[in-house]
Amino acid sequence: MEKRIELEKRGRNPDQITELNLDNCRSTTIVGLTDEFVGLEALSLINVGLTSLKGFPKLPNLRRLELSDNRISGGLNALSSSTKLTSLNLSGNKIKDLDTLEPLKEFKMLRSLDLFNCDVTTREDYREKVFQFLPSLKYLDGYDCDDREAEDDELNGNDEDEESGEEAPENEDDEGVEDEGGDEGEEEDEGEEDVGLDAIYKDNLDEESEGEDYEGVGDDSDEDLDEEEDDGEEVEEEESPARGKKRKMED
């Protein structure tokens, strides 16, 4: 355990460490963990092989303690200096009766306790008794007194009695104003589109009508020219006999 602690420190001073994971390092007692870890808030000692908590250091800021899958059968009074403890996991240990849990009454901030797979859980009135003598407790083995399952963050001691605050309701008046404004904008856009289309359509009609008038004028002028040409031919035809007569007289 001492070697593992040195490894987890990573060159930091003990008072700078807030979380420490010593899972699976083999030891029957607490060794190398001292009172110098005053800033420690979370400590995990899962499957270490602990048979007791003798030598457990004074950790005044400890909030979450994981001791599952060990062989602890008592001596929970060794944790008495950790008065800020909110979450304690003792599942998979050798705790057999409720008397072993008596020292936990000193933890006024304890919110979550896990004793899953401990012999004490086989008692018929187990849950009722534990909630009675630990009034601050909210979750036992992951469920509250009404058998409602806890969230993960609540089991880790991060739950709060009251929500920090409700979301501010949306302003209906503002929504109404926005909606009305949006409708007016849409109507204006539609109106502009209609006017634009009408204008374009009208311009096209005017252009077509002007083109037709122009073509009409051109047709009339062509007809007039044809008529003038015809008249010229008739005049020439009329004049030709007279000229023939004159030439005969001159001859």
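- For the residue pair Asn93 and Leu67, the shortest heavy atom distance occurs at ND2-O, 2.9 Å.
- Here the CG atom belonging to Asp15 is positioned 11.0 Å from the CG atom belonging to Asn61, to the nearest 0.5 angstrom.
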Which donor-acceptor pairs under 3.5 Å do side chains of residues 72-81 form with protein atoms, sequence neighbours excluded?
| unit_1 | atom_1 | unit_2 | atom_2 | d |
| --- | --- | --- | --- | --- |
| Ser80 | OG | Asn77 | O | 3.1 |

Notebook entry, point to check: Would Glu41 and Leu62 count as a side-chain contact (heavy atoms from CB on, under 4.5 Å) if you check the C-alpha gap in whole Å, the side-chain angles of each, and the deciding distance to 0.1 Å?
Noted result: CA-CA 4 Å; Glu41 297 178 2; Leu62 190 66; 5.8 Å; no
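- Within 6.0 Å of CZ in Phe116 there are 12 or fewer heavy atoms belonging to other residues, nucleotides or ligands.
- Arg26 contributes a side-chain N or O that, together with a main-chain N or O of Asn47, makes up a donor-acceptor pair within less than 3.5 Å.
- Note on Leu40: it does not cluster hydrophobically with Val38, by side-chain heavy-atom contacts below 4.5 Å among ILVMFWY residues.
- Under the 4.5 Å side-chain contact rule for hydrophobic residues, Phe133 and Leu85 share a cluster.
- Of all heavy-atom pairs spanning Cys25 and Val48, the tightest one is O-CG1, 2.7 Å.
- By the neighbour-count criterion of 12 heavy atoms within 6.0 Å, atom CD of Glu106 is sparsely surrounded, having that number or fewer from other residues, nucleotides or ligands.
- Between the CG atom in Asn24 and the CZ atom in Arg4 there is a gap of 7.0 Å [rounded to 0.5 Å].
- At least one donor-acceptor pair closer than 3.5 Å links the side chain of Asn89 to the backbone N or O of Ser91.
- For Leu140 against Arg127, the heavy-atom pair with the smallest separation is O-NH1, 2.9 Å.
- With rounding to the nearest 0.5 angstrom, the CG atom of Asn70 is 10.5 Å from the NZ atom of Lys94.
- Residues Val120 and Lys96 are not in side-chain contact: their nearest non-hydrogen atoms beyond the backbone lie 4.5 Å or more apart.
- Counting only distance, with no hydrogens or angles, the side chain of Glu102 and the backbone of Asp99 share no donor-acceptor pair below 3.5 Å.
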Next item on the list: Start with the C-alpha gap between Met109 and Thr83, add the side-chain angles, then the distance that decides, and say whether side-chain contact (heavy atoms from CB on, under 4.5 Å) holds.
Entry: CA-CA 8 Å; Met109 299 176 65; Thr83 55; over 6 Å; no
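- For Asp23 and Ser44, the side-chain atoms include at least one donor-acceptor pair closer than 3.5 Å.
- For Glu36, the CD atom is loosely surrounded, since the number of other residues' heavy atoms within 6.0 Å does not exceed 12.
- When all heavy atoms of Ile5 and Phe37 are compared, the closest pair comes out as CG2-CZ, 3.9 Å.
- Using modelled atom types, one side-chain atom of Thr86 and one backbone atom of Arg63 make a donor-acceptor pair closer than 3.5 Å.
- With respect to Lys3 and Glu6, no salt bridge is recorded, no charged nitrogen being found less than 4.0 Å from a carboxylate O.
- Residues Asp119 and Thr122 have side chains that never bring a donor and an acceptor to within less than 3.5 angstrom of each other.
- Annotation: side chain of Met1 is in contact with side chain of Leu45 (closest heavy-atom distance under 4.5 Å).
- Exactly one residue among Asp144, Leu88, Leu104, Val130 makes a side-chain contact (heavy atoms from CB on, under 4.5 Å) with Leu137. That residue is Val130.
- From Leu113, atom CG reaches atom CG of Leu115 across 4.0 Å, with rounding to the nearest 0.5 Å.
- In this structure, Phe131 CZ and Lys138 NZ are separated by 11.0 Å, a value rounded to the nearest 0.5 Å.
- Heavy atoms only, all atoms of each residue included: Ser136 and Arg111 are closest at O-NH1, 3.8 Å.
- No continuous path of hydrophobic side-chain contacts links Ile95 to Ile46 [ILVMFWY only; heavy atoms under 4.5 Å].
- With hydrogens and angles ignored, the 3.5 Å screen pairs a side-chain donor or acceptor of Arg12 with a backbone N or O of Lys9.
- For the pair Asp114 (side chain) and Leu90 (backbone), a donor-acceptor distance under 3.5 Å is absent.
- Ser82 and Phe56 get closest at one heavy-atom pair: OG-CE2, 4.1 Å.
- Separating the CD atom in Glu19 from the CG atom in Leu43 is a distance of 10.5 Å, to the nearest 0.5 Å.
- Lys54 is linked by a salt bridge (Lys or Arg N to Asp or Glu O under 4.0 Å) to nothing, counting only residues two or more places apart in sequence or in another chain.
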